[in-house]
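Worksheet for the structure shown next.
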Amino acid sequence: VSPQSVPDSHVQNAAMEFLQTFGNFNPTNIEEQYRRLTDSMSPDLRVQFELEAAPWRAKVKDDGIAQILSITEKEIRSSGDGYYHVTAIGRKDSFVNNEHIGATDIVIEMVLKLMPPQAGRRWYLEIQRLVSQDANAFRVKSKLAVPPQKSSTEGSR
């Protein structure tokens, strides 16, 4: 048994819990959902998230917004040094006062870090990065990040 590893199922379960907590909310539970999520964030990300999410939480409560997230695809890659990169593709259905206003395909990326045990706590995963974006924007960004391939005729001259 490696003292600095956790079962893959632990990482999978934590990632799904974070995704569901982030993506499923309504006006009555958004404060609790986001509080639970920030409890698992690094201190820097927690501060940034709380600042950026404050206007959104107020809008959700004022306008009666609810959201349901359905994950259709998920990939978790380990860096081998206690970091895990999660890419989840899904669909968010949005509602205002219980009326469905549409669905959007989204991509959520997270970086999780395996944190050592503390008093009364086992190994756990801390959210280091959390980004949600429209799936089309993600595809464009992904294509721009891939370096151009050399053709088979290049370099043979």
More than 12 non-hydrogen atoms from neighbouring residues, nucleotides or ligands closer than 6.0 Å to CG on Asn29, yes or no?
yes
Point-to-point distance, once rounded to the nearest 0.5 Å, from OH of Tyr83 to CZ of Arg77
15.5 Å
CD/Gln20 to CD/Gln33 distance, rounded to the nearest 0.5 angstrom?
9.5 Å
State plainly whether the residues Arg91 and Asp93 are in salt-bridge range, i.e. N to O under 4.0 Å.
yes
For Thr38 and Arg46 the tightest heavy-atom approach is O-NE, 2.8 Å
Quick check: is Ile68 connected to Phe18 through a chain of hydrophobic side chains (ILVMFWY, heavy atoms under 4.5 Å apart)?
no
Indicate the atoms forming the closest heavy-atom contact of Pro43 with Glu126, along with that distance.
CD-OE2, 4.4 Å
Would you mind listing every salt bridge (charged side-chain N to carboxylate O under 4.0 Å, His left out) that reaches into residues 95-104, with sequence neighbours excluded?
none
Leu130 to Leu45 - nearest heavy-atom pair and separation:
N-CD2, 4.1 Å
Take atom CG of Asn98 as the centre, draw a 6.0 Å sphere, and report whether it contains more than 12 heavy atoms from other residues, nucleotides or ligands.
no
May I ask you to decide if the ring planes of Tyr34 and Phe25 are parallel, tilted or perpendicular, using 30° and 60° as cut-offs?
perpendicular
Looking at every non-hydrogen atom in both residues, tell me the closest pair between Gly23 and Gln67 and how far apart they are.
O-NE2, 3.0 Å
